[in-house]
A.B. asks: 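What follows is a single structure, and I will ask about it in a moment.
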Amino acid sequence: MFLTMAQLILLVLLLLISQITAVPAGVIDASFSAAKSDHPTTLSNGTTAFENTTINDDRFTENWQYNDADECKWALAYIPFVSSECTEYCEADSYNRGYRFHRLRYHIKLSGNGQDPNIWCDNFKARMMYDCGVGKPDFFDCNTGRAPPLQGLFTWAFDGYTGSIIQKPGVNLRFDFSPWWEPRDAEHDCVRSAIREATCAGTVFTNGLRCIPTMYKAPDGAPELDESFVEPTRCMYNSEVPPEAT
């Protein structure tokens, strides 16, 4: 017996609906955390990289650390300190399709330390891809677009080479993990490592270096320099987080 066109369309719709796993927006479904690309490559650090990772890039090797002789010599001589802020939140999907479809949105801010922000962001992206075992993020704005340069991140410094007072820009960076990311720590460890590796070796992070959930509030009396781990929170709709975090 042949199906009518209406019956065929109804059958296809039922099959599609049966493939969708409904998970409440506030729940992080970890069942997809080990999934990667269809054509993964195993890197030397044991993680798995997507096929758009540039394997022959020196930055995709173990223990790589940015250490440009001229730039880092100047930075460590005149701006050896940097203030950092790294926050994230899981954006709840409007259709409640589960963790697999949620974006993990990151926002990183660093005060100017003498490094070129464009070079820093490019190096950070490479190290983040390596350390986290992911491909190139489909959204990555560094001092542009949704992450414009912020005057508050500029740093004044005395340039001993020229004998003048100058300003050095900081880094305002937003990027997403999508669709694959590790729900255990929401990529806190590997992003923190990438920040450190993209920054000149020897730079002091004055308030410590860690990534925390956007809505996290430090308890009263907490030390300014705190690198303790903070567990990720549930996925949230954009209306639940401050506008500057979206």
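Residues take their numbers from the sequence shown, with the count starting at 1.
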A.B. asks: Keeping the roles fixed (side chain from Gln65, backbone from Arg196), state whether a donor-acceptor pair exists under 3.5 Å.
C.D. replies: yes
A.B. asks: What is the distance from atom CG of Asp189 to atom CZ of Arg184, rounded to the nearest 0.5 Å?
C.D. replies: 5.5 Å
A.B. asks: For the hydrophobic clusters of this structure (ILVMFWY residues joined by side-chain heavy atoms under 4.5 Å, transitively), does one cluster hold both Ile212 and Tyr106?
C.D. replies: no
A.B. asks: Going by side-chain hydrogen bond (donor to acceptor under 3.5 Å, both in side chains), Glu197 matches just one of Arg192, Arg59, Arg127. Which one?
C.D. replies: Arg127
A.B. asks: Does one side chain, of Tyr66 or Glu71, offer a donor that lies under 3.5 Å from an acceptor on the other?
C.D. replies: yes
A.B. asks: Would you say Asn207's side chain and Ser84's backbone share a donor-acceptor pair under 3.5 angstrom?
C.D. replies: yes
A.B. asks: A side-chain contact here means heavy atoms from C-beta on lying under 4.5 Å apart; do Ile79 and Lys168 qualify?
C.D. replies: yes
A.B. asks: Once you round to the nearest 0.5 Å, how far does CD of Gln167 lie from CG of Leu153?
C.D. replies: 11.5 Å
A.B. asks: Taking side chain as C-beta onward, heavy atoms only, is Phe158 less than 4.5 Å from Ile166?
C.D. replies: no
A.B. asks: Would you check if the side chain of Asp138 reaches a backbone N or O of Phe177 as a donor-acceptor pair within less than 3.5 Å?
C.D. replies: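 Absent.
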A.B. asks: Side-chain contact test, heavy atoms from C-beta onward, threshold under 4.5 Å: evaluate it for Ile108 versus Ile195 and give yes or no.
C.D. replies: yes
A.B. asks: Surrounding CD of Glu224 (heavy atoms of other residues, nucleotides or ligands, distance under 6.0 Å), is the total greater than 12?
C.D. replies: no
A.B. asks: CE/Met215 to CZ/Arg234 distance, rounded to the nearest 0.5 angstrom?
C.D. replies: 9.0 Å
A.B. asks: Are Met128 and Val134 close enough, and set up right, to give a side chain to side chain contact (heavy atoms under 4.5 Å, CB included), and what steps lead you there?
C.D. replies: CA-CA 8 Å; Met128 180 272 295; Val134 297; 3.7 Å; yes
A.B. asks: Measuring only between side-chain heavy atoms, which start at C-beta, is Cys121 closer than 4.5 Å to Val171?
C.D. replies: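 Of all side-chain heavy-atom pairs linking Val171 with Cys121, at least one is under 4.5 Å.
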A.B. asks: Can you measure from CG (Asn118) to CG (Asn123) and round to the nearest 0.5 angstrom?
C.D. replies: 11.0 Å
A.B. asks: Just do the side chain to side chain contact (heavy atoms under 4.5 Å, CB included) check on Glu187 and Glu88 with the steps written out, would you?
C.D. replies: CA-CA 9 Å; Glu187 309 291 4; Glu88 55 76 15; over 6 Å; no
A.B. asks: Just one of Thr214, Asn238, Thr233 clears the side-chain hydrogen bond (donor to acceptor under 3.5 Å, both in side chains) bar with Tyr89, so which one?
C.D. replies: Asn238
A.B. asks: Just wondering, are more than 12 heavy atoms of other shown residues or ligands nearer than 6.0 Å to CD in Glu227?
C.D. replies: yes
A.B. asks: Looking at side-chain heavy atoms only, is the closest gap between Asp176 and Pro137 below 4.5 Å?
C.D. replies: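 Side chain of Asp176 against side chain of Pro137, heavy atoms only: no contact under 4.5 Å found.
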A.B. asks: Over 60° means perpendicular and under 30° means parallel, so classify the ring planes of Tyr78 and Trp74, tilted if in between.
C.D. replies: tilted
A.B. asks: Does Lys125 make a cation-pi contact with Phe140 (under 6.0 Å, within 45 degrees of the axis)?
C.D. replies: yes
A.B. asks: Between Asp57 and Tyr130, is there a side-chain heavy-atom distance shorter than 4.5 Å?
C.D. replies: no
A.B. asks: Set out, in order, the CA-CA distance, both residues' side-chain angles and the distance that settles side chain to side chain donor-acceptor pair (under 3.5 Å) for Gln115 and Asn113, then state yes or no.
C.D. replies: CA-CA 6 Å; Gln115 292 184 234; Asn113 75 326; 3.2 Å; yes
A.B. asks: Taking the side chain as everything from C-beta on, heavy atoms only, tell me whether Tyr237 gets closer than 4.5 Å to Glu91.
C.D. replies: no
A.B. asks: Which pair of non-hydrogen atoms, one from Pro148 and one from Gly145, has the smallest distance, and what is that distance?
C.D. replies: CD-O, 3.6 Å
A.B. asks: At what distance, to the nearest 0.5 angstrom, does SG of Cys86 lie from CG of Leu110?
C.D. replies: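 Reported value, rounded in 0.5 Å steps: 9.0 Å.
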A.B. asks: Do you reckon Phe81 sits in the same ILVMFWY cluster as Trp156, going by side-chain contacts under 4.5 Å, direct or chained?
C.D. replies: no
A.B. asks: Do you know which two heavy atoms are closest between Ala194 and Asp131, and how far apart they sit?
C.D. replies: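 Result for this residue pair: N-OD2, 3.5 Å.
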A.B. asks: Please evaluate residues Arg210 and Ser228 with respect to the criterion side chain to side chain donor-acceptor pair (under 3.5 Å), reporting the C-alpha separation (whole Å), side-chain torsions for both, the decisive distance (0.1 Å), and the verdict.
C.D. replies: CA-CA 7 Å; Arg210 65 173 177 173; Ser228 60; 3.1 Å; yes
A.B. asks: Side chain of Asn143, backbone of Asn172: donor and acceptor closer than 3.5 Å?
C.D. replies: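 Checked: pair present.
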A.B. asks: So which heavy atom on Pro117 is nearest to which on Pro169, and how close?
C.D. replies: CG-CG, 3.8 Å
A.B. asks: So, taking the atom named SG in Cys90 and the one named CZ in Arg103, what distance separates them when rounded to the nearest 0.5 Å?
C.D. replies: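 CZ of Arg103 is found 11.5 Å from SG of Cys90.
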A.B. asks: Taking the side chain from Thr144 and the backbone from Asp141, do they hold a donor-acceptor pair closer than 3.5 Å?
C.D. replies: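 Pair absent, no side-chain N/O of Thr144 close to backbone of Asp141.
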A.B. asks: Do the non-hydrogen side-chain atoms of Pro213 and Val230 ever get within less than 4.5 Å of each other?
C.D. replies: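 Result yes, sub-4.5 Å side-chain heavy-atom pair found.
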A.B. asks: Transitively linked via ILVMFWY side-chain contacts under 4.5 Å: Val204 with Leu209?
C.D. replies: no
A.B. asks: By the ring-ring contact (aromatic ring centres under 6.0 Å, His included) test, which pairs, at least two apart or in different chains, include something from residues 210-229?
C.D. replies: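 Residue pairs passing ring-ring contact (aromatic ring centres under 6.0 Å, His included), neighbours aside: His188-Phe229.
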